[in-house]
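Okay, structure first, notes after.
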Amino acid sequence: MNGHAVSQARPPIAAAHLRKDTWWALPLAVVGVLTSFIVYSTWAALQNAHYFVAPYLSPFYSPCLSKSCLHLTLGRGLPEFTVPIIGVVSPALLILWGPALFRLTCYYYRKAYYRSFWLAPVACAVRDVKAGYTGETRFPLILQNFHRYAWYVAVVFIVFLTWDAILAFRFPDGFGIGVGTLVMWLNVILLAGYTFSCHSCRHICGGHVDVFSKSPTRYTLWHVISRLNERHPMYAWLSLGSVGLTDLYIRLVSMGVIRDLRLL
Amino acid sequence: MPTFTMRIFRGDTARGEFRDYRVEAEEGMVVLDVIHRVQATQAPDLAVRWNCKAGKCGSCSAEVDGRPRLMCMTRMELFSEREPVTVAPIRAFPLIRDLVTDVSFNFEKAKTIPPLRLKPPEPDGTYRMMQEDIDRIQEFHKCIECFLCQDVCHVIRDHEENKRAFAGPRVFIKVASLEMHPLDTRDRTEFVRATASVGLCNITKCCTEVCPEGIHITDNAIIPLKERMADSFDPIVWLLRKFRGQTTQPA
Ligand code: SF4
Ligand code: SF4
Ligand code: FES
Ligand code: FES
């Protein structure tokens, strides 16, 4: 690159930005929503109680992989963990790193928190707050490129959560549907929407192919995922809300604060 | 007829300031029309670059009320008569005078892109592509080189020192259109990583927000390029490739 255009001076305009619209509103809202979610989910994960009320299991505590947890069926045939931390530490802490890493490295959430928390840039054409900038070229941010591994993990979680949602039809007195069943299904559908609209998913399933006409299945898959991918931000927010509210619903039912309405 | 106060940047790199001009705007007028009216009636020496007045040549890029836009595609209806409308040159590039900047940075960066390297032709001597093979890259061909995306990108806009390393969103869509080309045999992932420094982009999507052609720069070009880069350290992809045989060669 020759230095020609690089060395010459830019327009002498000192203002950090000349925008007149309410560009700060969106980043502020993102800070509010993300902070509330982090506070709530950390609190809920530390409770180690009220995460199960037959037949509903909170997504924060799924999968239950130890007999010591309160899950309906998965306890059968599973090893009795004797690792000392289990039972002391909430099982949610052994689970939540998966979804947390998935969201932390998500291309969309990266955009959201780089703008709202990092302020780089807080809004378009508004000057970065920090002087130096190296983007995702160095440790630790270079690790964001491993997002697809978190996606592989997230797919496993979708399988578990679907299983939980199926079990949510199995009441102590047999088959049934409660409001909680619908809540759990809505949650798993939104989470699947989020997981399968992921950019890494889009790439792995077909985006890497250059000659689509030679890989018709991958092309179809890529096409479908691309349509979903357009709505990835929407799924990101809706599923964030649904996962928190599903936990809250089950928690409140389990605490006896509200009653689960049996529909069938 | 509504009368606006246009607060226009006047000057060069040594000395510049915003000056106010009162100007009438008829219904349907765009910012460029109003700028031309200022030029015709009050400031004949006002420098402004334009050509097509149809959003197709990419010449009239500026920052109107702080947002990078094509002046010829920005209607005056968007603004209020009660407040001045600021019109500034695109700030990421060297200023020539008034609203005109030197955008040669972008052309210099374009020269670094490894060009298409065609596959050998089919036995009958021709090349064939199917529509589905090129749909994806046709989006990138809509680019009018207005460089609004390059201007808004904070990597270079706010950090001049990154201009040496970073190629910018306009270059990434060009690279993506070659990289995804069905007849191309070159692998540009190393170029994307080391020469164009895609890692500096933090996918905050301002380029996509300002693109007048509505190109999904971040979602359809930059993120796929980052993913192609990630393929090189994904053991699953590596295994699959070994299985099928590698088809591309390094640039
Ligand atoms: S998405 Fe990347 S290339 Fe586009 S403006 Fe943001 S940092 Fe620049
Ligand atoms: S990609 Fe869009 S914003 Fe960038 S130069 Fe092309 S048309 Fe302009
Ligand atoms: S989950 Fe958002 S991009 Fe993968
Ligand atoms: S004058 Fe051609 S794009 Fe505005």
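All values below come from the heavy atoms of this structure, side chains included, with hydrogens, waters and symmetry mates left out. A, B, ... follow the sequence lines: proteins, then strands. Residue 1 opens every chain.
Side-chain contact check for B:Thr204 versus A:Pro121: some heavy-atom pair is nearer than 4.5 Å. Side-chain atoms of A:Pro12 and B:Arg91, non-hydrogen and from C-beta on, never get closer than 4.5 Å to each other. Here the side chains of B:Asp135 and A:His223 are not in contact, with every heavy-atom distance at 4.5 Å or above. Contact check for B:Ile203 versus A:His199: no side-chain heavy atoms found under the 4.5 Å cut-off. The shortest side-chain heavy-atom distance between A:Tyr149 and B:Ile236 does not fall under the 4.5 Å cut-off.
Ion pairing between a basic and an acidic side chain is recognised when a charged N comes within 4.0 Å of a carboxylate O; B:Lys226 and A:Glu136 show such pairing. Using a 4.0 Å cut-off between charged side-chain N and carboxylate O, B:Asp102 and A:Arg10 make no salt bridge. Remark: A:Arg148 engages B:Asp234 in a salt bridge, criterion side-chain N to carboxylate O under 4.0 Å. Note on A:Arg218 versus B:Glu132: no salt bridge recorded, every NZ/NE/NH1/NH2 to OD/OE distance being 4.0 Å or above. Salt-bridge annotation for B:Arg67 and A:Asp21: present, with a side-chain N of the basic residue lying under 4.0 Å from a carboxylate O of the acidic one.
Other residues, nucleotides and ligands contribute over 12 non-hydrogen atoms within 6.0 Å of the NZ atom of B:Lys119. Atom NE2 of A:His208 is surrounded by more than 12 heavy atoms from other residues, nucleotides or ligands within 6.0 Å. More than 12 non-hydrogen atoms from other residues, nucleotides or ligands lie less than 6.0 angstrom from CZ of A:Arg227.
Under the 3.5 Å distance criterion, with hydrogens and angles disregarded, no donor-acceptor pair is assigned to the side chains of B:His181 and A:Asp210. At a cut-off of 3.5 Å, with distance as the only test, no side-chain donor of A:Asn145 or B:Arg193 sits close to an acceptor on the other residue. Judged purely by distance below 3.5 Å, without hydrogens or angles, the side chains of B:Asp231 and A:His203 pair a donor atom with an acceptor atom.
With A:Trp222 as the aromatic partner, B:Arg136 meets the cation-pi criteria of under 6.0 angstrom to the ring centre and within 45 degrees of the ring axis.
At a 4.5 Å heavy-atom cutoff, the contact between B:Cys201 and chain A is made by backbone atoms alone. For chain A, no part of B:Ala14 is nearby; none of its heavy atoms comes within less than 4.5 Å. With a 4.5 Å cut-off on non-hydrogen atoms, B:Ile90 touches chain A through its backbone but not through its side chain.
Formation of a donor-acceptor pair under 3.5 Å by the B:Arg157 side chain with backbone atoms of A:Arg127 is not found in this model. Side chain of A:Tyr133 to backbone of B:Leu200: a donor-acceptor contact under 3.5 angstrom is found. A donor-acceptor pair is defined here as one N or O able to donate and one able to accept, closer than 3.5 Å; no such pair exists between the side chain of B:Asp65 and the backbone of A:Lys20. Judged purely by atom type and a 3.5 angstrom limit, B:His154 has no side-chain atom pairing as donor or acceptor with the backbone of A:Cys124. Between the side chain of B:Asp158 and the backbone N or O of A:Asp128, at least one donor-acceptor pair lies under 3.5 Å.
When all heavy atoms of A:Tyr114 and B:Asn202 are compared, the closest pair comes out as CD1-O, 3.3 Å.
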* **Trace of the side-chain contact (heavy atoms from CB on, under 4.5 Å) decision for A:Tyr107 with B:Asp219** => CA-CA 9 Å; A:Tyr107 286 97; B:Asp219 287 351; over 6 Å; no
